[in-house]
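Structure, as structure tokens:
First listed ligand is number 1; within each ligand, the first listed atom is number 1. Heads up: numbering here begins at 1 and tracks the sequence.
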Amino acid sequence: MSNIFNIDLHLHSFYSDGELSPNRLVERAHEAGITTLSLTDHDTTAGCRQAHDTANKLGIKFINGIELSTRWRTHDIHIVGLNIDIDHPDMVSGCARQAQCRQQRVLDISERLQACGLDNCLERVQALAGKGMITRAHFAQLCVDAGMAKDFKSAFTRYLGRGKPAYVASQWASVAEAVEWITAAGGVAVIAHPGRYKLTTTKLKRLLDEFKGHGGHAIEVVTSVHSAQEVIIMTNLAREFELHASVGSDFHRDGWVHAKLGRLAPLPAACKPVWQLWTT
Ligand code: AMP
Ligand code: MN
Ligand code: MN
Ligand code: MN
């Protein structure tokens, strides 16, 4: 059996902080052997139609998706919505609210980075993001380009990460709201990359318990940032909380050490695959 999986349910295009157009992203996924994929841009579904059309032409399956930013206690938790109706009014109004939140945060972060010595921050970040959602990844790029940080990681540890000078605590949706919008739109709510939040086991269990209580369906068990050990931990948590399991690379662009397209490990046999929720 191949040790590379052909399903990838967490990908980004240039409608948020990915590099590729949805069209090119789907072509690349197809070339990498992926047969089912979702586009999960940050707080926008703008690329889904194009991705869907390209996937249809190539004969592979496309699932409408989104990655919603939420605030849980003092943490920014990402919730992926899969198999959603992108035109559902609750999803459309939810996205509009998140976009407003992002716009305000862009102004706040720009002001702070400017105070750290980055000139014309607002104009530069708008030019860099083009028509896509502006994310901290764009600000990180500016810091690297200006020589303020040697790479993305250091841009986050010096300026943009939690508690750093250019960090702004945003008024994102709550976990409950994100799950509500996704569920109303007929979709499946998935906690993205649970290993990335640096939560203690106790806190992670609290998050999963609340998420499940709000009607959340699944967690990402296999994702690029998870080690083999974390895959086992998340498999056990999925079983403990009776959640389904998802698989997604979180691919943004070539050259990122993590998150390579089409290079995922298979879902452990003990998991209930998330796609069972829309194929049965
Ligand atoms: P935002 O949704 O605007 O808060 O931006 C979050 C995005 O920034 C993530 O989706 C990643 O693409 C990127 N990001 C967050 N933390 C890091 C990090 N430590 N190193 C590199 N990229 C990061
Ligand atoms: Mn991102
Ligand atoms: Mn994320
Ligand atoms: Mn992502």
Practice task
Look at atom 2 (O) of ligand 1 and say which protein heavy atom is nearest, naming residue and atom and giving the distance to 0.1 Å.
Solution key: R102 NH2, 2.9 Å

Handout entry: Identity and separation of the nearest protein heavy atom to atom 22 (N) of ligand 1
Key = F156 CE1, 3.4 Å

Handout entry: D17 N/O to ligand 1 N/O under 3.5 Å
Key = yes

Problem - Heteroatom distance test (H252, ligand 1): nitrogen or oxygen, under 3.5 angstrom - result: yes

Problem - Region of R196 that comes within reach of ligand 1 [heavy atoms, distance under 4.0 Å] - result: side chain

Problem - R136 contact mode with ligand 1 (heavy-atom cut-off under 4.0 Å) - result: both

Exercise for the section: Look at the N, O or S atoms of H193, main chain and side chain alike, and state whether any lies under 2.8 Å from the Mn ion (ligand 3). Expected result: yes

Problem - salt_bridge(K212, E240) N-O dist < 4.0 Å - result: no

Practice task
Compute the angle centred on the Mn ion (ligand 4) spanning NE2 of H12 and OE1 of E67, and express it rounded to 10 degrees.
Solution key: 90°

Practice task
Taking the Mn ion (ligand 4) as the vertex, measure the angle between atom OD1 in D250 and atom NE2 in H10; round to 10°.
Solution key: 80°

Fill in the blank from the handout: Here the atoms of ligand 1 under 4.0 Å from any heavy atom belonging to T135 are 3 (O), 5 (O)

Fill in the blank from the handout: Candidates R105, E67, H42, H193; heavy atom nearest atom 3 (O) of ligand 1 found on R105

Problem - Parallel, tilted or perpendicular: rings of H42 and H78 (30°, 60°) - result: perpendicular

